[in-house]
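As the structure lists them, so they are numbered: ligands from 1, and atoms in each ligand from 1.
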Amino acid sequence: MEAAVLVAVSVLLGGVILLLVALSRQTRSVKEPEPSGQEANGHAAPEKQPGKKQKQQKLRKEKLQQHTFSHPLLAASLKAHGGNVTCLDFSSNGKYLASCSDDRTVRIWSTKDFLEREHRSMRANVELDHATHVRFSPDCRAFIACLANGETIRVFKMSKKEDGFTFSAAPEDFPKRHKAPIINIGIAETGKFIMTASSDTTILVWDLKGEVLAPINTNQITNAYAAVSPCGRFVASCGFTPDVKVWEVCFGKAGEFREVCRAFELKGHSAGMCGFSFSNDSRRMATVSKDGTWKLWDTDVEYKKQQDPYLLHTGRWPVSEPCRIALSPDARVVAISSTSDITVFSTRTGAQEEEFHSVHGEVITDLAFDTNNRFLVSTGDRAIRVFHNTAGYRAAIADMKDMLKKTTNKGTKDRLQQQINDAQSTLDTVCRQRN
Ligand SMILES: *[C@@H]1O[C@H](CO)[C@@H](O)[C@H](O)[C@H]1NC(C)=O
């Protein structure tokens with residue numbers, strides 16, 4: 001009798017434990033060396049611009065093989081994903097890069113390994129789904145992922161372990177609220193809200209627990225891109241109409257959510273928008289449109305006094321969609337991807353600085369600069385390409401030389417000269433590899 005009860009209890013307990021294990025969805029971080037297999041190292045032959053049709057055929061063909069790419073300014077190719085990479089994010093402390101892929105994993109890379117031979121990553125499994133977008137929390141103790149099938153947000157806690165992290169998913173995903181595919185997600189640097197945007201005209205502002213604070217109707221017919229500003233005050237969106245709309249997400253003194261209100265708009269393009277990007281202090285924005293131009297804006301305005309952003313520069317880009325735009329954190333450089341190519345411009349002169357062709361075997365899915373303006377990073381196929389930001393070094397040197405001419409203070413002059421020398425020596429090292 002007693003024995004039977006004991007058996008029943010232990011069977012029950014066993015079941016509970018199994019259930020708990022299944023629910024907690026623990027994923028352990030595994031440090032894995034990237035698969036060996038060097039890419040063909042022949043230097044990229046100067047390419048003629050292939051026609052659109054030819055190019056698509058070429059891409060299709062390459063899908064079957066492993067796409068190879070090499071370029072003298074390529075600092076690293078990060079390989080570990082077994083499927084196409086769709087999104088990148090740098091942690092705000094600059095130490096980590098997160099990537100997600102349809103291989104059902106999110107990987108966390110250490111940025112200090114970029115110039116090493118081996119690039120190790122830590123893996124978080126996305127159980128029963130895969131992530132299309134990934135963003136670090138401001139304190140780098142969690143990340144959020146947008147689930148492809150679940151069409152909502154899953155939060156992963158990151159716990160520090162000797163030489164890495166362990167990851168665990170929150171017990172419950174956010175409720176599914178979007179009626180169209182999610183095109184981007186974000187977390188405010190203030191830690192006060194999360195944003196999700198879908199391809200219809202909806203943006204949702206959430207608290208960190210998964211409650212919707214406010215919906216926004218962008219009224220742009222369709223959303224092409226939306227993002228949270230790096231300062232964490234604004235949400236911006238663009239789409240079919242030729243403008244970018246910016247809202248402020250307002251909180252009260254005690255931190256309670258108050259309202260979302262219109263802040264300002266960027267108006268001047270003459271066709272639908274592809275995307276936009278902020279500088280790290282949110283005082284500059286770059287936009288790119290199907291009208292064949294990109295624009296740089298000064299958004300450091302008192303919009304509450306009806307001041308509009310100033311247009312600082314208009315340049316042209318090789319129109320070929322899909323495209324994305326990335327403004328470097330210091331706002332000195334703009335990079336635009338079109339299908340699988342990348343063009344880099346100086347925002348100071350508008351001049352084209354670099355051009356990279358067929359960087360990925362598929363269309364480029366994400367493009368970003370690291371927090372220190374040292375690298376430009378792209379994704380498309382399974383590899384993550386890391387380029388030296390030579391245009392950024394050149395622009396920084398030019399700016400510092402201008403400042404040097406204007407200063408009379410000896411200490412400032414010495415410091416500037418030292419910074420110029422350092423930047424020049426880094427640039428020389430990179431360019432020596434190029435020649
Ligand atoms: C932006 O980046 C620059 C370096 O380019 C850095 O000095 C500055 O502190 C950063 N600002 C913010 C708000 O992160």
Side-chain angles (χ1 to χ4, degrees), residues 75 88-98 111-112 114-115 135-141 143 186-193 195 227-236 246 248-249 251 263-264 276-286 296-303 309 312-313 325-335 344-349 353-354 367-377 386-404 406-407 409 411-412 414-427 430:
L88 291 173
D89 191 41
F90 283 99
S91 61
S92 46
N93 63 15
K95 287 185 182 171
Y96 303 104
L97 171 69
T111 55
K112 73 175 189 321
F114 279 0
L115 298 181
R135 301 283 171 235
F136 282 107
S137 70
D139 61 6
C140 203
R141 290 159 84 167
F143 66 81
I187 309 186
E189 197 54 31
T190 53
K192 287 184 180 160
F193 69 91
M195 176 222 72
V228 179
S229 65
C231 62
R233 273 174 72 192
F234 305 112
V235 163
V246 183
E248 183 173 357
V249 183
F251 292 85
F264 54 86
F276 60 82
S277 178
F278 288 94
S279 64
N280 70 346
D281 56 9
S282 309
R283 289 154 81 173
R284 295 284 184 278
M285 283 178 78
L296 180 74
W297 309 80
D298 178 347
T299 51
D300 189 15
V301 294
E302 293 199 52
Y303 59 87
L312 296 174
H313 189 87
I325 190 165
L327 180 61
S328 62
D330 63 9
R332 289 183 173 118
V333 179
V334 143
V344 178
F345 302 92
S346 153
T347 57
R348 189 184 154 103
T349 63
E353 296 275 325
E354 306 288 355
L367 187 66
F369 288 89
D370 78 310
T371 52
N372 298 314
N373 306 289
R374 293 175 65 203
F375 302 109
L376 171 65
V377 181
V386 182
F387 293 92
H388 291 287
N389 181 19
T390 46
Y393 284 113
R394 286 193 291 267
I397 291 168
D399 278 350
M400 289 189 288
K401 282 187 174 164
D402 280 355
M403 278 156 68
L404 189 61
K406 288 179 199 142
T407 22
N409 179 294
T412 315
D414 290 349
R415 189 174 45 82
L416 273 171
Q417 191 57 58
Q418 186 57 46
Q419 285 171 346
I420 292 170
N421 295 349
D422 291 349
Q424 188 64 53
S425 115
T426 307
L427 186 58
V430 171

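There is a protein heavy atom closer than 4.0 angstrom to atom 2 (O) of ligand 1. Atom 11 (N) of ligand 1 is flagged as protein-proximal [any protein heavy atom, distance under 4.0 Å].
Between D399 and R394 there is no salt bridge, since no side-chain N of the basic residue sits under 4.0 Å from a carboxylate O of the acidic one.
Near D330, with a cut-off below 4.0 Å to any heavy atom, the atoms of ligand 1 are 5 (O). Under a 4.0 Å criterion applied to the non-hydrogen atoms of N373, ligand 1 contributes the atoms 4 (C), 5 (O). Residue-ligand proximity, N280 to ligand 1, at heavy-atom distances under 4.0 Å covers atoms 1 (C), 2 (O), 3 (C), 8 (C), 10 (C), 11 (N), 12 (C), 13 (C), 14 (O).
At least one side-chain heavy atom of H388 sits under 4.5 Å from a side-chain heavy atom of L115.
For an aromatic pair to be called close, the ring centres must be under 6.0 Å apart, and F369 with F375 fails this. Ring to ring, F264 and F234 are close: their centroids are under 6.0 angstrom apart.
Among the atoms of T371, none of the N or O lies under 3.5 angstrom from an N or O of ligand 1.
A side-chain donor-acceptor contact under 3.5 Å links D281 and S279.
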